[in-house]
Peer 1: 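Sharing a structure with you now.
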Amino acid sequence: ISNPYGSTRVAAMAGNVVQSTTLARIDSDIVELLAPAGAVGSATAPIRIAASRLTARGDTGVYVEELVGDMNVVEASAGLASGVVSLRAAGSILDAHVFTDAAVSAHDVILVAATGAIGSTSDALDVDVGGNSLDAAASGDIVVNDVSGAMGVGTVMSTNGSVRLSTTDTDAAGEDIALAADSSIRALSGAITLLSADDILTAFGSVIVARNVVTMRADDEDEYDGVA
């Protein structure tokens with residue numbers, strides 16, 4: 001599909017939006033992909049796009065690859081109970097969501113920025129990870145904020161930048177940053193900063209490794225005293 005100066009919507013209201021061949025792609029200024037009862041792409045065949053802005057909604061999953069430059073995410077969402085959002089970009093993955101809720105939401109979130117960053121120091125990528133799995137890999141900085149509840153960390157690694165993960169403080173408990181026994185956070189050339197609205201939970205066997213300083217602050221925002 002070639003529509004470089006317009007908006008393109010592809011919807012399968014009762015099924016899936018699928019990548020038919022390895023050469024198929026959508027070139028459009030704005031891309032909207034909708035599969036409210038199914039999936040957008042798949043783990044083995046993501047929808048390939050070249051777009052200025054992306055909106056993608058699925059039930060079981062959203063799998064999208066940006067082929068050229070940065071992926072500007074207005075929304076990428078799947079079911080919080082078991083859905084997966086997997087986004088890959090040739091450049092950076094950036095937050096283009098205009099509201100205070102999440103740009104990316106699913107039970108499991110996978111983010112890969114091949115030559116750029118995920119979020120930025122001035123505008124974190126806002127997510128809602130419903131399960132225990134935020135996986136993120138980038139050449140540059142990784143700056144991700146979970147806007148609702150806990151952030152469960154899987155594998156997070158920056159090769160040439162720093163990592164900053166945070167959760168948002170409300171009057172609810174459990175807005176933690178949690179690492180399981182097989183979780184890891186690595187900044188091979190930079191620093192790591194963990195800012196938890198409540199607790200930072202690191203299971204035995206989890207790994208946090210930085211080239212520079214590691215900063216961990218629990219109850220960071222301290223907006224609601226007494227919630228730990």
Peer 1: Give the cluster check for Val156 versus Met216: same hydrophobic cluster or not, with ILVMFWY residues linked at side-chain heavy-atom distances below 4.5 Å.
Peer 2: yes
Peer 1: Show the nearest heavy-atom pair for residues Ser120 and Arg164, with the distance to one decimal.
Peer 2: O-NH2, 4.5 Å
Peer 1: Regarding Ser166 and Asn145, do their side chains bring together a donor and an acceptor under 3.5 Å, going by distance alone?
Peer 2: yes
Peer 1: Once you round to the nearest 0.5 Å, how far does CG of Asn212 lie from CG of Leu188?
Peer 2: 11.5 Å
Peer 1: Could you state the interatomic distance from CG (Leu94) to CG (Leu54), rounded to the nearest 0.5 Å?
Peer 2: 12.0 Å
Peer 1: Pairs of donor and acceptor atoms involving the side chains of residues 7-18, under 3.5 Å and at least two apart or interchain, shall be tabulated with distances.
Peer 2:
from, atom 1, to, atom 2, distance (Å)
Thr8, OG1, Asn3, ND2, 3.1
Thr8, OG1, Ser28, OG, 2.9
Arg9, NE, Glu32, OE1, 3.1
Arg9, NH2, Glu32, OE1, 3.2
Asn16, OD1, Ala39, N, 2.8

Peer 1: If you look at every heavy atom in Glu175 and Asp198, which pair is closest and at what distance?
Peer 2: N-OD2, 2.8 Å
Peer 1: Looking at every non-hydrogen atom in both residues, tell me the closest pair between Ile118 and Ala137 and how far apart they are.
Peer 2: CD1-O, 3.6 Å
Peer 1: Are Asp169 and Thr167 close enough that a side-chain donor and a side-chain acceptor fall under 3.5 Å?
Peer 2: no
Peer 1: Check the hydrophobic clustering (I, L, V, M, F, W, Y; side-chain heavy atoms under 4.5 Å; chains of links allowed) and say if Val213 and Leu165 are grouped together.
Peer 2: no
Peer 1: Once rounded to the nearest 0.5 Å, what's the spacing between atom CD1 of Ile26 and atom CD1 of Ile49?
Peer 2: 7.5 Å
Peer 1: Between Met71 and Val143, is there a shared hydrophobic cluster once you connect ILVMFWY residues whose side-chain heavy atoms come closer than 4.5 Å?
Peer 2: no
Peer 1: How about Arg217 and Leu194: do any of their side-chain heavy atoms sit closer than 4.5 Å?
Peer 2: no
Peer 1: Quick check: does any side chain N or O of Ser92 sit under 3.5 Å from a backbone N or O of Gly116, one acting as donor and the other as acceptor?
Peer 2: no
Peer 1: Tell me the side chain to side chain donor-acceptor pair (under 3.5 Å) pairs involving residues 54-67, sequence neighbours left out?
Peer 2: Arg57-Glu75
Peer 1: Does either side chain, that of Ser139 or that of Asn160, offer a donor lying less than 3.5 Å from an acceptor on the other one?
Peer 2: yes
Peer 1: Any pair with a residue in residues 88-107 that passes salt bridge (charged side-chain N to carboxylate O under 4.0 Å, His left out), sequence neighbours left out, goes on the list, sorted by first then second residue, please.
Peer 2: none
Peer 1: Could you state the interatomic distance from CG (Asp108) to CG (Asp135), rounded to the nearest 0.5 Å?
Peer 2: 7.5 Å
Peer 1: If you take all heavy atoms of Ser158 and Gly140, which pair is closest and at what distance?
Peer 2: OG-O, 2.6 Å
Peer 1: Scan Val64, Leu111, Val104 and name whichever one has a side-chain contact (heavy atoms from CB on, under 4.5 Å) with Val85.
Peer 2: Val104
Peer 1: Do Ser52 and Asp29 pair up side chain to side chain, a donor and an acceptor below 3.5 Å, judged on atom types alone?
Peer 2: yes
Peer 1: Can you see which heavy atom on Met157 is nearest to which on Ile142, and at what distance?
Peer 2: O-CD1, 3.3 Å
